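Step one of this worksheet: look at the structure below.
Order of appearance sets the numbers: ligands from 1, and atoms from 1 within every ligand. Only this structure's heavy atoms are used, side chains among them; waters, hydrogens and symmetry mates stay out. Since this is a predicted model, take the numbers as computed values, not measurements.
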Amino acid sequence: MNILVTGGLGFIGSHTVVSLYERGHQAVIIDDYSNASKEVLEKLETLIQSKIPFIEGNVTDSKLVENIFKNHQIDGVLHFAAFKAVGESVEKPIMYYENNLNATLTVAKLALEHKVKKFVFSSSCTVYGDQPSPFHEEMDLLPATNPYGATKQMSEQILKDISFAHPEFKVTLLRYFNPIGAHDSGLIGESPLGVPNNLMPYILDVALGKRPHLNVYGSDYPTLDGSGVRDYIHVMDLAEAHVAALEKSLKPVNIYNVGTGQGSSVLEVVKAFETMNDVKIPLNITARRPGDIAVSFADPAKIKNELGYQTKRDLNQMVKDAWNFAKRSNHA
Ligand code: WQD
């Protein structure tokens with residue numbers, strides 16, 4: 001299949017492009033470099049040993065996106081392109097609603113007009129809100145606590161409504177848990193700009209000596225060691241879920257959690273990182289971060305039963321691959 005990948009130079013998008021080629025598919029990438037560096041395309045082409053059609057621009061530009069559908073035979077869409085910083089979304093709600101919702105609307109509308117039958121959307125476990133884990137796809141979604149989360153819930157609804165009206169337009173909503181790690185080549189990975197918000201990029205900065213310690217947000221959660229528990233998933237496992245969804249999804253609307261089903265605490269992630277990589281991560285145990293929940297992990301049964309998809313890589317592999325990428329890209 002020839003797949004349009006929006007946001008294909010970002011962390012999850014770029015790894016998914018590799019998975020597509022590994023499975024014999026091809027990609028057309030559109031990305032506006034808003035959260036990706038220019039070198040990623042070259043690195044992808046080195047990894048897959050082939051040129052990848054690339055369009056620079058924002059997916060809310062309907063003329064630009066329309067031309068992509070006109071100029072390429074597109075069999076499916078993987079729609080990653082979105083802003084994703086929770087805190088920034090609270091400060092700049094208009095920017096988040098405008099970009100993320102227009103992006104979903106523009107790409108879906110044009111995909112439908114061009115008779116594309118498969119559309120996979122990057123959703124998030126954040127749509128479940130603060131309720132007990134494991135999260136099941138059938139649970140009611142609680143109101144989002146920030147505009148970023150609201151754009152994911154609203155985009156899910158928009159896509160469900162489109163598929164309801166046009167059942168030939170098969171929509172798959174993938175609710176990601178916490179992706180970390182990197183491709184084992186170390187060529188591509190996650191490199192956020194500025195001070196990292198998320199746990200693994202922050203650990204990597206500490207390991208590289210760019211920051212003195214990791215702030216551990218909370219030591220009094222009702223968890224085994226008091227720190228927050230999340231379902232970390234290797235980004236290549238997450239990438240492979242997209243390919244499985246493209247190859248097998250059949251119903252008009254398909255909703256799947258993509259996680260391992262296994263929760264790990266912040267302190268467990270740090271321990272695994274230190275042990276696997278022989279690097280010390282100094283800690284500063286501090287107050288809870290506003291908006292965080294204690295525990296979040298997936299019930300991954302549905303995607304296994306319906307698509308035969310299962311994660312393959314454990315936490316040790318995730319922390320090892322993350323460090324391998326960070327060392328290579330920072331020449332440490
Ligand atoms: C993981 C754990 C923190 C940083 C967020 C979004 C979600 C998704 C992924 C988008 C928590 C703790 C973190 C640090 C810490 N969206 N932590 N010190 O909050 O589960 O999910 O990112 O891209 O929608 O909400 O991920 O990596 O920020 O935090 O102790 O410096 O690590 O409190 O327990 P989170 P995270």
Hey, which atoms in ligand 1 end up nearer than 4.0 Å to a heavy atom of [X]?
| X | result |
| --- | --- |
| T126 | 24 (O) |
| N197 | 4 (C), 28 (O) |
| G228 | 34 (O) |

Could you tell me how the ring of F80 sits relative to the ring of Y176: parallel (under 30°), tilted (30 to 60°) or perpendicular (over 60°)?
tilted
Below 30° counts as parallel, above 60° as perpendicular, anything between as tilted: where do the rings of W323 and F273 land?
perpendicular
For ligand 1, note which part of [X] has a heavy atom under 4.0 Å away: side chain, backbone, both or neither.
| X | value |
| --- | --- |
| N178 | side chain |
| Y221 | neither |
| L214 | side chain |
| L199 | both |
| Y176 | neither |
| R289 | side chain |

Go through the steps to decide whether I255 and L174 satisfy the test side chain to side chain contact (heavy atoms under 4.5 Å, CB included), and finish with yes or no.
CA-CA 6 Å; I255 304 180; L174 296 182; over 6 Å; no
